[in-house]
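Note that the numbering runs from 1 along the sequence shown for the chain. Each ligand, and each atom within it, is numbered from 1 in the order the structure gives.
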Amino acid sequence: METSLQKCISIVVPVYNEGTHIRKSMAYVGKLCEEASIPYELVLVDDGSKDNSWQEICSMAKEDARITAVRLSRNFGKEPALCAGLDIAAGDAVIVMDADLQHPPEKIPEMVRLWQEGAEVVEGVKSSRGKEKRSYRFCAKLFYGMINKATGIEFDNASDFKLLDRKVVEAMKQMPERMTFFRGMSAWVGFERKMFEFEVAERVDGGSKWSLKRLISLAVTAVTSYTSAPLHCITVLGFIMFLGAIILGIQTLYMKIAGYARDGFTTVILLLLLIGSMIMISLGIIGLYLMKIYHEIKGRPRYLTSRVIRHKEEEK
Ligand code: UDP
Ligand code: MG
């Protein structure tokens with residue numbers, strides 16, 4: 001075995017209410033790595049779970065020196081949990097995957113091989129979206145379609161299942177934004193990239209932990225982080241409205257002068273409605289960016305850890 005020569009891989013897993021299966025799932029991941037003789041450490045980030053996830057992770061970390069358990073002080077969301085994992089991971093490469101085994105751990109040896117062949121970012125691309133609800137699939141399609149168009153970064157079928165070289169992790173740690181979008185950040189940094197396909201497996205247990213509110217907020221973060229196109233749209237919209245206003249204005253004046261002017265209530269109401277709604281939408285879009293600036297300028301930490309359990313390795 002060439003274990004001593006091989007570099008260590010950190011596997012970062014965000015965990016939120018996965019208590020029922022986390023022990024089994026992670027044991028499976030560990031077993032696969034051992035079989036492929038990949039030296040690894042597992043960084044389990046408990047994102048303020050309300051079930052027994054933390055107890056499970058805790059005892060796992062105490063039993064196995066390769067497992068590090070991190071507890072965030074509350075539920076921050078998957079993105080901050082990933083950041084916490086990346087900050088703590090010490091490996092020469094970091095693999096990020098979901099706790100529910102929807103990212104098939106069988107792919108880990110292939111990812112490591114691609115990395116050893118020189119790739120600095122190894123990205124998982126979904127070959128199919130697994131058994132997701134039709135409504136979910138529709139939302140995902142809409143979401144990515146919007147982001148692809150707006151940002152020019154290909155997000156389609158991209159996933160958070162990735163291997164990042166230490167260099168890439170350090171580069172991402174330098175990105176100071178508070179509201180993060182992992183996929184966008186890992187695309188933005190560049191580096192030597194290779195892809196592999198994987199089939200999204202079925203969730204081991206329980207339902208998706210993403211609420212609709214969180215998904216929408218992620219979509220907004222994704223768009224506002226990578227493009228200011230919506231702001232330009234407002235300006236363009238304003239000009240179009242102005243043009244319409246001039247034409248309508250001339251017509252109205254002509255009608256008035258020629259003596260055809262009617263009560264004109266319909267036009268007034270229609271115009272009021274249209275302009276009113278346009279202004280509201282525009283203000284809302286500006287508001288989104290303002291909110292983002294506000295959140296960033298507060299400069300609060302992305303997450304807070306309440307506990308870290310890790311075996312201190314003896315210095316050899
Ligand atoms: N997750 C998290 N915090 C949250 C929601 C989810 O850490 O607030 C974790 C969850 O435990 C899982 C991963 O993020 O490991 C993906 O979540 P899920 O499977 O619910 O999302 P989906 O597969 O539907 O994208
Ligand atoms: Mg999942």
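- Glu170 has no carboxylate O lying under 4.0 Å from a charged side-chain N of Lys167, or vice versa, which leaves the two without a salt bridge.
- Residue Gly77 approaches ligand 1 through these ligand atoms, each under 4.0 Å from one of its heavy atoms: 3 (N), 8 (O).
- The closest side-chain heavy-atom distance from Glu296 to Glu177 is below 4.5 Å.
- Transitive grouping of hydrophobic side chains (ILVMFWY, heavy atoms separated by less than 4.5 Å) keeps Ile240 and Leu248 in distinct clusters.
- With respect to the salt-bridge test (charged N to carboxylate O, under 4.0 angstrom), the residues Asp98 and Lys78 qualify.
- Heavy atoms from other residues, nucleotides or ligands lying under 6.0 Å from NZ of Lys24 number 12 at most.
- With a heavy-atom cut-off of 4.0 Å, Lys78 touches ligand 1 through backbone and side chain alike.
- Atoms of ligand 1 lying under 4.0 Å from at least one heavy atom of Glu18, given by number and element, are 10 (C), 11 (O), 12 (C), 15 (O).
- Counting non-hydrogen atoms of neighbouring residues, nucleotides and ligands closer than 6.0 angstrom, the CD1 atom of Ile246 exceeds 12 such neighbours.
- The atoms of ligand 1 that sit less than 4.0 Å from any heavy atom of Val15 are 7 (O), 11 (O).
- At least one N or O atom of Ala99, backbone or side chain, sits closer than 3.5 Å to an N or O atom of ligand 1.
- Looking at Ala81 next to ligand 1, no N or O pair under 3.5 Å apart turns up.
- Residue Asn17 does not touch ligand 1, judged by heavy-atom distances below 4.0 Å.
- Remark: Arg193 is not positioned above the aromatic ring of Phe191, lacking an NZ or CZ atom under 6.0 angstrom from the ring centre and at most 45 degrees off the axis.
- Between Phe198 and Phe161, the angle of the ring planes goes over 60°, which puts this pair in the perpendicular group of the 30/60° scheme.
- No more than 12 heavy atoms of other residues, nucleotides or ligands sit less than 6.0 Å from atom NZ of Lys213.
- By the criterion of a separation under 2.8 Å, the protein N/O/S atoms near the Mg ion (ligand 2) amount to Asp100 OD2, Gln102 OE1.
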